[in-house]
Amino acid sequence: IYPTVTGKTITGNLAAPLISLNGADNVIIDGRLNASGSSVDLTITNTSTSSTSGTSTIRFINDATNNTIKYCLLKGSSVSASGGGIIFLSTSSSGTVGNDGNTIDRNNITSDAAGRPVNVIFSSGTSGKANSENTVSNNNIYNFLKHGTASNGINIGSNTTAWTISSNSFYETSSFTPAASVEYCIIRINYGSGSNFNITGNYIGGQAVGCGGSAWTKTGGYNNTFYAIFLNFDASNSVQG
């Protein structure tokens with residue numbers, strides 16, 4: 001799926017997934033004009049600020065495997081803390097293996113003007129059918145932390161293992177002013193049984209890609225806990241660069 005003219009947008013205001021890859025395999029959503037070059041010409045956004053579980057821009061569910069989302073501008077505003085995000089890898093109640101082998105690569109990912117999300121990318125799978133071997137790479141993730149609510153960039157929850165998170169840039173394009181004394185985390189892996197995670201070459205900070213521009217700063221009077229990378233996992237993991 002790719003645009004054949006420039007500047008196309010897929011949008012909706014749904015307390016649900018805007019796009020649900022339900023048991024889908026081998027789907028490629030490529031935001032480049034005619035799937036060629038390097039320019040982003042497709043915006044996909046869910047403007048809903050709902051806390052309803054499942055609210056997301058793109059959801060993977062029920063053994064959605066080997067799908068690729070690349071070169072898109074992805075936006076969302078879901079405030080579901082445990083069942084949503086701009087990108088949401090969900091459960092596999094009717095599947096057998098989990099949502100595996102999916103790739104999120106070379107996208108620009110940010111909040112919609114409707115509001116900031118609680119999670120940018122969130123995964124919480126099914127026992128015995130973990131969401132595994134997924135890759136989040138080369139994305140620009142910016143202006144995403146929610147001012148008055150604890151929030152995350154990449155949030156890896158239960159029944160999720162063996163991901164690659166590499167060469168992503170996380171930043172705010174201007175000084176960040178919290179509205180409450182809440183916790184922020186950029187990359188959170190919080191699954192004690194998870195293993196074989198590869199976290200490498202990510203940039204956290206600055207006001208542009210690759211920690212470019214001015215420093216990422218915080219203003220205002222609130223005291224906030226900030227984790228660049230929070231890790232609670234099992235064995236055979238690698239964090240580099």
Side-chain angles (χ1 to χ4, degrees), residues 1 9-29 31 42-69 72-104 107 109-136 139 141 144-146 148-161 163 185 187-191 194:
I1 301 171
T9 298
I10 300 169
T11 186
N13 185 344
L14 304 175
L18 181 71
I19 295 174
S20 185
L21 297 176
N22 190 343
D25 303 326
N26 305 308
V27 173
I28 299 174
I29 300 178
L42 178 62
T43 299
I44 306 173
T45 180
N46 188 351
T47 64
S48 175
T49 58
S50 173
S51 61
T52 300
S53 182
T55 303
S56 52
T57 302
I58 299 176
R59 180 180 68 175
F60 301 81
I61 192 170
N62 293 327
D63 287 10
T65 61
N66 300 317
N67 303 290
T68 299
I69 313 297
C72 295
L73 173 56
L74 305 173
K75 297 182 177 183
S77 302
S78 171
V79 297
S80 176
S82 59
I86 298 177
I87 298 170
F88 178 31
L89 287 90
S90 185
T91 54
S92 289
S93 58
S94 62
T96 59
V97 298
N99 304 294
D100 300 342
N102 300 292
T103 299
I104 310 299
N107 301 283
I109 310 176
T110 188
S111 55
D112 186 86
R116 294 188 173 209
V118 169
N119 298 300
V120 175
I121 298 173
F122 179 61
S123 176
S124 182
T126 298
S127 179
K129 296 176 281 189
N131 298 333
S132 63
E133 304 291 342
N134 296 293
T135 297
V136 180
N139 300 286
I141 301 173
F144 58 96
L145 294 177
K146 193 166 179 62
T149 306
S151 48
N152 307 277
I154 298 174
N155 186 359
I156 304 299
S158 61
N159 302 303
T160 300
T161 193
W163 281 37
C185 187
I187 299 173
R188 180 188 298 274
I189 298 177
N190 193 16
Y191 178 45

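Numbering of residues begins at 1 and proceeds along the displayed sequence.
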Give, for atom CG of N102 and atom CD1 of I58, the distance between the pair rounded to the nearest 0.5 Å.
10.5 Å

Mind checking whether I156 and N131 have side chains closer than 4.5 Å, heavy atoms only?
no

Nearest-0.5 Å distance that lies between atom CG in N152 and atom SG in C185
5.5 Å

Where at least one partner belongs to residues 74-83, residue pairs that pass side-chain hydrogen bond (donor to acceptor under 3.5 Å, both in side chains), sequence neighbours excluded:
none

Would you indicate whether the side-chain heavy atoms of F144 and I109 approach each other to under 4.5 Å?
no

Min side-chain heavy-atom separation T45-T11 under 4.5 Å
yes

With sequence neighbours excluded, what pairs up with S51 under the side-chain contact (heavy atoms from CB on, under 4.5 Å) test?
V79

Is there side-chain contact between I121 and N139, with heavy atoms separated by less than 4.5 Å?
no

Specify the closest pair of heavy atoms between K146 and P117, including all atoms of both residues, with the distance to one decimal.
CB-O, 3.7 Å

Shortest non-hydrogen contact between S48 and T55, atoms and distance:
OG-CG2, 3.9 Å

Residues T160 and Y191: closest non-hydrogen pair is O-CD2, 3.1 Å

Would you say that S20 contacts I61 through its side chain, given a criterion of any heavy-atom pair below 4.5 Å between the two side chains?
yes

Closest approach of I69 and L74, non-hydrogen atoms and distance?
CG2-CD1, 4.1 Å

Considering the options N26, D25, D100, which one meets the side chain to side chain donor-acceptor pair (under 3.5 Å) requirement together with T65?
D25

Applying side chain to side chain donor-acceptor pair (under 3.5 Å), can you list everything that pairs with N46, at least two apart in sequence or on another chain?
none

Among residues at least two apart in sequence or on other chains, which ones pass side-chain contact (heavy atoms from CB on, under 4.5 Å) with A16?
L14

Mind checking what makes ring-ring contact (aromatic ring centres under 6.0 Å, His included) contact with F88, not counting sequence neighbours?
F122

Do you know which two heavy atoms are closest between A15 and T52, and how far apart they sit?
O-CG2, 3.8 Å

D63 side chain to S92 side chain, donor-acceptor N/O pair below 3.5 angstrom:
yes

Rounded to the nearest 0.5 Å, what's the gap from CG on N107 to CG on L73? Could you check?
9.0 Å

Within the 4.5 Å heavy-atom criterion, are I87 and L89 side-chain neighbours or not?
yes

Atom SG in C72, atom CD1 in I104: separation rounded to 0.5 Å?
9.5 Å

Measuring only between side-chain heavy atoms, which start at C-beta, is L42 closer than 4.5 Å to I29?
yes

What pairs with N62 under side-chain contact (heavy atoms from CB on, under 4.5 Å), at least two apart in sequence or on another chain?
N22, S93, S94

What distance do N159 atom CG and K129 atom NZ have between them, rounded to the nearest 0.5 Å?
10.0 Å

Rounded at 0.5 Å granularity, tell me how far CD1 in I28 sits from CD1 in I1.
10.0 Å

